[in-house]
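All figures in this text were calculated on a predicted structure; none of them were measured in a lab.
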Amino acid sequence: WCWFLLAALVSAVMVGLRMDFSMLLEPLGFVKVLEWVLAIFAFATCGGFRGETALLVSCEGVVNKTVTAAFAYPFRLNTVVFTAPDPKGCGGTWTDAHLTGDFSSSAHFFVTLAALVFLYCITALVVYIGYNHVYQQNNKLPLTDLAISVLIAFLWLVSTFVWAKALADIKVSTGASVVPGIESCKAPATTCHFLSVTSMGVLNVAVVFGLLNMTLWAGNVWLVYKDNNLHSQWNRISESP
């Protein structure tokens with residue numbers, strides 16, 4: 001039965017299929033390919049990041065020991081612990097020290113949107129290439145495409161600025177400001193110095209890709225409106241007495 005249902009589904013999808021790859025050279029198809037690629041880049045630059053904050057610690061029996069806290073997507077920094085300077089924990093004065101902040105909601109929002117846009121672009125390209133004749137003849141499909149494009153452009157705007165704010169806070173939470181918040185560094189005969197943090201240039205690029213996606217989808221709204229009879233329909237309505 002499973003094979004029968006799968007065959008029936010494939011047959012239904014194949015009905016009316018007319019492959020026309022020339023649509024990829026048209027503005028509507030070409031922009032959709034760009035949106036598909038940029039969604040991949042936005043997903044990869046944010047979701048694939050791994051970094052590390054390093055401190056230089058001197059305490060009882062330990063001199064200039066490097067301790068690190070490794071963090072990555074989705075940036076739940078409050079769960080990240082610095083490694084102990086030595087097995088004895090500086091004679092018992094060193095306790096677990098965490099980074100501060102949970103930025104997972106902002107990161108998830110940005111990456112999830114990129115993944116959903118990636119899937120939508122694939123679906124749209126299948127319609128443009130294989131069912132363009134249906135797309136042009138059915139007013140509901142262009143209207144749906146237009147509505148989704150407006151929504152995606154708005155979501156890119158929101159998610160990009162939310163992620164940019166979260167990134168600024170992540171830089172603060174993993175930078176030199178972490179030292180005053182570590183209680184163990186305030187113990188007698190213990191000194192902590194900020195050493196380094198992994199460059200977050202890739203995460204800055206993620207913000208840039210978010211802005212590019214937002215701009216591209218805003219342009220896509222105009223293309224969907226212009227390349228279909230929606231434009232002529234609106235003109236006829238506005239010119240009618």
Going by heavy atoms in the side chains, are [X] and [Y] under 4.5 Å from each other?
X      : Y      : value
Thr174 : Leu77  : yes
Val117 : Trp217 : yes
Pro142 : Leu146 : no
Lys88  : Trp94  : no
Ile182 : Phe82  : yes
Phe41  : Phe209 : yes
Thr198 : Glu52  : yes

With side chain to side chain contact (heavy atoms under 4.5 Å, CB included) as the test, would you mind laying out the steps for Asn220 and Glu35 before giving the verdict?
-> CA-CA 9 Å; Asn220 187 85; Glu35 291 166 344; 3.1 Å; yes

Within a reach of under 6.0 Å around [atom1] of [X], are more than 12 heavy atoms found that belong to other residues, nucleotides or ligands?
X      : atom1 : result
Phe103 : CZ    : yes
Phe109 : CZ    : yes
Lys171 : NZ    : yes

Can Tyr120 and Trp36 be said to form a ring pair (Phe, Tyr, Trp, His ring centres under 6.0 Å), step by step?
-> CA-CA 9 Å; Tyr120 178 70; Trp36 177 68; over 10 Å; no

Shared ILVMFWY cluster between Leu38 and Trp163, side chains joined below 4.5 angstrom?
->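 No, no single cluster joins them.
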
Just how far is it from atom CH2 of Trp156 to atom CG of Leu212, taken to the nearest 0.5 Å?
->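 Spacing of CH2 (Trp156) from CG (Leu212) equals 10.0 Å.
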
